[in-house]
Amino acid sequence: MSRQPYRITAGGLVDRERPLRFTFDGRKFTGLAGDTLASALLANGVRLVGRSFKYHRRRGIFSDGVEEPNALVRLRRGERAEPNLRATSVELFEGLEARSQNHWPSLEFDLGAINNLASRFMPTGFYYKTFTWPAGAWMFYERFIRKTTGLGRAAEHHDPDRYEKRYAHCEVLVVGAGPAGLAAALAAVRSGARVILVESDFRLGGSLLRDPRPIDDEFAPEWVSGVEAELKSAPNTRILKRATAFGYYDANLVAVAQRITDHEGKSERFLSRQRIWWVRARQVVLATGAIERPLVFAENDLPGVMLASAVRSYAVRYGVRCGKRAVVFANNDDAYATVAAVLEAGGSVEAVVDPRAGGPGDSVRRQINALGVRMLEGYAVVRAEGGDSIRSATVMRFTREGSILTGEPERIDCDLLCVSGGFNPTVHLFSQSQGKLRFDQVSACFVPDVSRQAERSAGAARGCFGLQEVLSDGVEAGRAAAEDCGLTRARFRVPEGTEEFTQTAAMLPLWAVPLPQGQRGKRFVDLQNDVTADDIALAVREGYRSVEHLKRYTTLGMGTDQGRTSNVNGLAILASIVGSEIPAVGTTTFRPPFTPVTLGALGGREVGQEFAPVRRTPMHAWHERAGARFVTAGLWLRPQYYAHSGESMMDAVYREARAVRRGVGIVDVSTLGKIEIQGRDAAEFLERVYINRWKNLKVGRCRYGIMLREDGFILDDGTTTRVAENTFYMTTTTTNAGPVMAHLEYYAQTIWPQLHVHLTSVSDQWAGAAVAGPKSRDLLALACDGADLRNESLPFMGYLETTVADAPVRIFRMTFSGELAYEVHTPSNFALHVWKRLLDAGREFEVTPYGTEAMSILRIEKGHVVAAELDGRTVPSDFGFDALQRKEGDFIGRRSLERPGLKKSARRGFVGLVSEDGRHIPRGAQLVWNPNADRPLHTLGHVTSTCYSPNLEKEIALALLEDPEGHGDELLYASSPLTNEHVPVKVTHPVFIDPQGKLPRG
Amino acid sequence: MLLIECPYCGARAQIEFTYGGDATLSRPGDLSAVETKEWLDFVYLRENPRGPHIEWWHHSAGCRRWFKVRRDTLSHEISATGTPDSNLGSGSV
Ligand SMILES: [Zn+2]
């Protein structure tokens, strides 16, 4: 074992046979298995571990747990670097690499510390003040502020690790495995409950690890091992270590983040790094313990000022002495246990400073006297002195009434100052569960009051502090939780815990020690955010009297520790300044997460394709081989165009669009939404959800339908076919397939449940190809196994069931391009087979596969509408669809169409545009008379779709325009101020090709 | 995340469901008789109660059925669920 100067030679729960090497800021150290990074640093005598957030002051390790405000490090490097980890919660592993934060160029010499000297010029609310005055100040300061602020630095690469999530259910979830949690879990398990016990530490025991008092005459760690063994052997019980319950949500859902390989120091190929558990529990027991409060006095942020319980923890659990000469400053009896721990660890205790005039309880006093330690009752530490570490503490006589300092100051040399201002129950999860807090005057802390969910707190988490009391409370909570799950309370003797002190005295609330007369100094309330008692006073003077405002103005309680050590002190100081009681001031809201959670863990396996899966049509592989470039449509990938060698994208698109009008093309339309509507009221149902008539549609015929929302605006369009008397086959637009299905289900199930109609989504079951162009019938005649495709047998908007190369197909004679065209649908498993057969049959007609770009050009040339026109703001008459509208009866949206604003006369109408000078008509352009006229311009309409038409050899567009028929030969401008394009256009009929519609009927 | 009792499937996590709005409205049946104001109130006006609210939910990642839920908008507590024809009360306090 290499030299660890502050390691005690024996004792503690560390493995002295397993040294672990690690580096901190590049320096090499050795710790032991069972250490945290913090205990290993302390064992090596490393005092200075970070710089503070605002003033860049030197900071040391302050605590031994999740509350740590100072010792934030960046762990690992490169893509696995992780900032802002608390050294006190990082389990040491071989090869660990950590770096300190918030300094430049180095921890020891930090230029940012100039903020400390300049702090007069950076008062509280400094950032907000630059927002408001002088004008533009924020713009100026922001450049500098952004560089020097912020905690840590995130990794800049893709996270290479794997994460996962898991759902779990149990009867009793116990959060925290200290004495209360273990007792509760034991009682619940013995009552027959299915139990999950979660503990954020890598070892069970909680406060027993630092205060291993005998339980049932057993050494505490042995008692813990006994309980752990019993829980492990119980059926349906699970213990999660290294697992932090970070969120308490509705209906007793608790989120737990578990570290799986973090402490291994390497990533395992088949293991996730972390796992999020979503635990749904019948009953929850919160045994989350309590966090010690610091005391507020001048320069109380020096390295070497530590929480008294943490000092004990390092000595007893880790075998590390935090200093050689200690002073203990405490307003309660619990901290006196630290005296013995420091002495046992080989240090000296120079004095115990207790602001209580009467000092501690009698048994405490007897023990301390027996140890020969000097006691200063009715005294307070008024200032700490030192540089990289504390060197002395100055004490003065202190009178609680009026908070008065008297007498001569005395300076006591020390390198460690253990402070305790009492304990705050860890009520975060309770508060997240919507439970209400109550201020307990005796312990001067907030405790759980009224529960809102199936939950109860136990032990220190609800303000019980004696070991026996905690054990009884835990057992009772476990039994009661089991009983509330319908089980019978287990009967067994409550474990007997030994108290440290038999007679104790009440604690004395002490929120801030005043500054000695005429002295200056920073009295830190929030170490992480550098908020001092004077900052709070200044904020109050400036009017921020509400606790929520105070928090945001001063940043008190923000950051990674969320004010775990500072909130109650801050509230109390606020209360005393405004002359109010602490309960009246209230607390800020606790929100998840309790401790920071890695974003990757929240995402789990739902990243990349697992987050947004790619939908491919059955013909996808063929498209790839044919050189298709793909475009997304919702989750679908669709061929955009097929690139031939030497062709530009637009060359290919125009070639494809021309081929359809001159010969024949084929396009994959499998992505269309498809819904089968069955039942004896199917036609009636369709008449209510579409504007069209359906009862008169003959079997074997198709119809183009328009669907509205109840407010009269168009929801979707598509073609529906009567394939049998009571069976219809509906198609929807690709991206609307899901919403339309939910919409139809809503009306079928809730508004018209009396209709006999059954809806089935068959989008995935059917695939399809559209064959379009003058040669499409010839192609199909070759491909189909002897079907009669003559005009008389299969007219326009007709439907036929036949086979293609023995595969069943549904053929719909309909058109999107405006050419003679057919859609051939087939069960998805046959789709590639049918697609290939169609291409084979088309070889002699030089059939051209085309993509969405050519399809779009073809439909613009034909004046067909898509989502660009049906944008949720248009009604049927805008496009002349009012001609399709059923004259009598109800349908969704009908009544809204009677609103004056939805009448045809009040609205823009659908037109075509042709560019006058051959320039492209800008997308989204507004139509105006004169783009150079004075602003604001009256806009006559807007462009919805635009393209170059390779068949007309013109730049054309579709638009919605005021008075669509009244523009004659008038010149308008398609004006796009954003791109500074103003293109002269003339208004035309929106159907550029075959306005009489002869081609598809031929 | 809420735990919602689908009347057809049982209790399931909220991620399986889609919210569908106020379930106390009734769509006017006879369009020729309905006043414009009544119709527009049906289309656009919604109560935003503080407390119990009867609302539609869709088991969109489950059985695809719409059903009624009585949920407290303040506490998120779900006190009852039922099929579309069930009567879960008026929904406002
Ligand atoms: Zn269901």
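Just so you know, these numbers use all the heavy atoms, side chains as well, and skip hydrogens, waters and symmetry mates. Per chain, numbering begins at 1; letters A, B, ... match sequence-line order.
- Annotation: the span from A:Gln434 atom CD to B:Leu74 atom CG amounts to 8.5 Å, rounded to 0.5 Å.
- Within a 6.0 Å sphere centred on CG of B:Asp85, other residues, nucleotides and ligands contribute more than 12 heavy atoms.
- Only the side chain of A:Tyr747 comes within contact range of chain B, with at least one heavy atom under 4.5 Å from a heavy atom of that chain.
- For chain A, no part of B:Ser26 is nearby; none of its heavy atoms comes within less than 4.5 Å.
- Residue contact with chain A, scored on non-hydrogen atoms closer than 4.5 Å, is absent for B:Ala23.
- In this structure, chain B has heavy atoms under 4.5 Å from both the backbone and the side chain of A:Glu745.
- Taken from CG in B:Leu40 to CG in A:Asp711, the straight-line distance is 10.5 Å, to the nearest 0.5 Å.
- Within the model, atoms OG1 of B:Thr18 and OH of A:Tyr746 stand 13.5 Å from one another, a figure rounded to the nearest 0.5 Å.
- Applying the 6.0 Å contact sphere to CG of A:Leu599 captures no more than 12 heavy atoms from other residues, nucleotides or ligands.
- Atoms OH and CD, from A:Tyr249 and B:Gln14 in turn, are 12.5 Å apart once rounded to the nearest 0.5 Å.
- Looking only at side-chain heavy atoms (C-beta outward), A:Arg280 and B:Leu3 come within less than 4.5 Å of each other.
- Per-residue heavy-atom pair counts under 4.5 Å with chain B were compared for A:Ala742, A:Pro753, A:Ala251, and the maximum is reached by A:Ala742.
- Within the 4.5 angstrom heavy-atom criterion, atoms from both the backbone and the side chain of A:Arg895 approach chain B.
- For B:Tyr44, the part sitting under 4.5 Å from any heavy atom of chain A is the side chain, from C-beta outward, and nothing else.
- The shortest non-hydrogen separation linking A:Ser896 to B:Val43 is OG-CG2, 4.0 Å.
- Counting non-hydrogen atoms of neighbouring residues, nucleotides and ligands closer than 6.0 angstrom, the CD atom of A:Gln754 exceeds 12 such neighbours.
- Crowding of A:Arg438 atom CZ: a count of heavy atoms from other residues, nucleotides or ligands under 6.0 Å exceeding 12.
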For this session: Take B:Leu31 and A:Arg894, measure what side chain to side chain contact (heavy atoms under 4.5 Å, CB included) needs, and give me the verdict at the end.
Result: CA-CA 8 Å; B:Leu31 288 190; A:Arg894 155 155 247 160; 3.8 Å; yes

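- Using a 4.5 Å cut-off between heavy atoms, A:Arg709 does not touch chain B at all.
- Classification of A:Arg452 and B:Glu77 as a salt-bridged pair fails, no side-chain N sitting under 4.0 Å from a carboxylate O.
- Contacts between residues 56-65 of chain B and chain A, defined by a heavy-atom separation under 4.5 Å, are made by B:Trp56, B:His58, B:Arg64, B:Arg65.
- How far CE of B:Met1 is from CG of A:Leu253: 5.0 Å, rounded to the nearest 0.5 Å.
- Rounded to the nearest 0.5 angstrom, B:Leu25 CG and A:Glu710 CD are separated by 10.5 Å.
- Looking at B:Arg27 and A:Asp890, a side-chain N of the basic residue comes within less than 4.0 Å of a carboxylate O on the acidic one, giving a salt bridge.
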